[in-house]
Each structure stands twice: as C-alpha cells, then as structure tokens.
Asker: 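For reference, the structure I am asking about is given below.
Values reported hereafter were calculated over all heavy atoms of this structure, with side chains retained and with hydrogens, waters and symmetry mates removed. Source: prediction; values computed, not measured.
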Amino acid sequence: MGGLCGFQQLVRQRAFARLVAKRTDRPENDFEIVLFAGSVMGAMMAVQQYCADHPEADFIDVVDRAMARYEAGQPLGTLGREEGGTGAGAADSVRR
C-alpha cells in the first residue's frame, strides 16, 4: 500500500508542476519547477502531520502559515527558536 500512496503523491506532484510550469511559461520538467512542486507537496505533508499532532490547530491557518514561509523566502534562521524561547518549531515562528 505504501507504494500506491507514493505513486499517488508523485501524480499529484507532477500535476502541480504542470500548473506551475504553465503559469511561469517554463517546461514542466524544468529542475526548478520540479523542485518547487516537490517542496510545496512536502510542506503540505508537514502541515498534515503538524495538525495531526496539534488537534487544536486550524488546518487552513497552518497551510497559510506554511505558504507565508515560502513568501518570506523560506528562511531557516533559528527554525522558530526565539531568544530565550523553547523552540516551538518553524511553523510557529511565522506568527511571531
């Protein structure tokens, strides 16, 4: 079953890459297009995991926070660790 899920993920990633390629007028197999599509799909997987671990979290809000990281250039910095903080995680740092 894991292979099927991986195949479905690949199909979705390629479909997303096609959309991005069309919008940017680049080939869908362009390395940067494929990399971006995979990165966004990975971010959505991370959002799902975060929401599963934090049932109180609002899924749409967490997606918005994840996309804000891309809009900010996906900064790594301290990965959400503020000075003297507990390191709540990268997803939480966008809000602060």
Asker: Rounded to the nearest 0.5 Å, what separates atom NE2 in H54 from atom CZ in F59?
Answerer: 15.0 Å

Asker: Do I60 and M44 sit in one hydrophobic cluster, given that two such residues count as connected whenever their side-chain heavy atoms are within less than 4.5 Å of each other, even indirectly?
Answerer: yes

Asker: How does the hydrophobic cluster around L35 look, that is, which other residues are in it when side-chain heavy atoms under 4.5 Å mark a link?
Answerer: F31

Asker: Please report the interatomic distance CZ(R14) to CD1(I33), rounded to the nearest 0.5 Å.
Answerer: 14.5 Å

Asker: Would you say that V62 contacts R65 through its side chain, given a criterion of any heavy-atom pair below 4.5 Å between the two side chains?
Answerer: yes

Asker: So, taking the atom named CE in M41 and the one named CZ in F36, what distance separates them when rounded to the nearest 0.5 Å?
Answerer: 11.5 Å

Asker: Is there a side-chain contact between Q13 and V34 in this structure, where contact means two heavy atoms from C-beta onward sitting under 4.5 Å apart?
Answerer: yes

Asker: First locate atom CZ of R26, then atom CD of E32, and finally report the distance between them rounded to the nearest 0.5 Å.
Answerer: 4.5 Å

Asker: Please list all pairs passing the side-chain hydrogen bond (donor to acceptor under 3.5 Å, both in side chains) test where one or both residues lie in residues 36-45, with sequence neighbours left out.
Answerer: S39-Y70

